[in-house]
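A single structure is presented below for examination.
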Amino acid sequence: SIQCHALSKEGPTSWIDAAYWICSFANNQWNIGADLGNDPMESAFARTLTAGIKGVAMVLDQEVQPLTRVWCLFEFLLSSREHLELVFVTNAGVVGDDGCSSFDI
């Protein structure tokens, strides 16, 4: 699904150079408090989303678990505030993108 997203955004010749920041790999999951600190705006999540990125691809599972997690909702909020493109990606493709074997909600 991420490959399909890169293809739809960058095209058939440039998609391989697309870079994705994966939030779950950015923090020490065994000591998350140390990485997040006292101010959520100083977290890796906020710093990345306010650093001039192109957009956010939120990967959803069958239960849509990310939309039940506070940090995912925080990313959703910052994406909206920063006017970033936010797309939902599933194992079937990018929701709403006809070129990615997707489906409409």
Side-chain angles (χ1 to χ4, degrees):
S1 294
I2 295 297
Q3 178 182 351
C4 188
H5 180 262
L7 273 165
S8 77
K9 292 297 169 193
E10 303 298 329
T13 58
S14 301
W15 74 271
I16 197 72
D17 295 323
Y20 286 83
W21 181 79
I22 302 173
C23 62
S24 60
F25 297 152
N27 296 306
N28 178 351
Q29 299 298 312
W30 302 108
N31 191 10
I32 197 80
D35 285 345
L36 298 179
N38 294 325
D39 182 358
M41 291 306 293
E42 295 298 321
S43 68
F45 298 103
R47 288 193 316 267
T48 299
L49 291 171
T50 58
I53 64 172
K54 293 180 181 181
V56 174
M58 185 175 286
V59 179
L60 301 178
D61 59 7
Q62 288 181 337
E63 291 82 32
V64 195
Q65 290 277 324
L67 296 180
T68 68
R69 297 185 181 125
V70 171
W71 279 106
C72 294
L73 294 174
F74 179 64
E75 291 178 47
F76 188 94
L77 173 72
L78 285 180
S79 298
S80 176
R81 191 184 83 183
E82 295 293 316
H83 306 288
L84 300 174
E85 177 187 21
L86 175 66
V87 296
F88 295 105
V89 181
T90 71
N91 63 345
V94 180
V95 176
D97 187 331
D98 293 333
C100 284
S101 302
S102 68
F103 52 90
D104 290 322
I105 295 178

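We count residues from 1, following the sequence as given. Quantities reported herein were computed from a predicted structural model and do not represent experimental measurements.
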Quiz item: Are there more than 12 heavy atoms of other residues, nucleotides or ligands under 6.0 Å from atom CG of Asn38?
Solution: no
Exercise. Answer whether the closest heavy-atom distance between the side chains of Val59 and Pro66 falls below 4.5 Å.
Key: no
Practice problem: Report, as yes or no, whether the 6.0 Å neighbourhood of atom CD on Gln62 holds more than 12 heavy atoms from other residues, nucleotides or ligands. | Solution: no
Quiz item: When rounded to the nearest 0.5 angstrom, what distance separates NE2 in His83 from CG in Leu78?
Solution: 12.0 Å
Quiz item: Can you get from Trp71 to Leu67 by hopping between Ile, Leu, Val, Met, Phe, Trp and Tyr side chains that sit under 4.5 Å apart?
Solution: yes
Quiz prompt | hydrophobic_cluster_shared for Val64 and Val56, side chain cutoff 4.5 Å | solution = yes
Practice problem: List the steps and the verdict of side chain to side chain contact (heavy atoms under 4.5 Å, CB included) for Thr48 and Glu75. | Solution: CA-CA 10 Å; Thr48 299; Glu75 291 178 47; over 6 Å; no
Quiz item: With the 4.5 Å side-chain cut-off for hydrophobic clustering, are Met58 and Ile53 part of the same group?
Solution: yes
Self-check item: Straight-line distance of Leu73 CG to Thr68 OG1, nearest 0.5 Å
Solution: 7.5 Å
Quiz item: Are Phe74 and Phe88 joined in one hydrophobic group, where the rule is that I, L, V, M, F, W and Y side chains link up if heavy atoms are under 4.5 Å apart?
Solution: yes
Quiz prompt | Cluster overlap Leu84 with Met41, hydrophobic side-chain contacts below 4.5 Å | solution = yes
Exercise. Find out whether Glu10 and Asp17 are in side-chain contact, i.e. whether some heavy atom of one side chain is under 4.5 Å from a heavy atom of the other.
Key: no
Quiz item: Which heavy-atom pair separates Pro12 from Leu7 by the least distance, and what is that distance?
Solution: CA-CD2, 4.0 Å
Quiz item: Are more than 12 heavy atoms from other residues, nucleotides or ligands located less than 6.0 Å from atom CZ of Phe76?
Solution: no
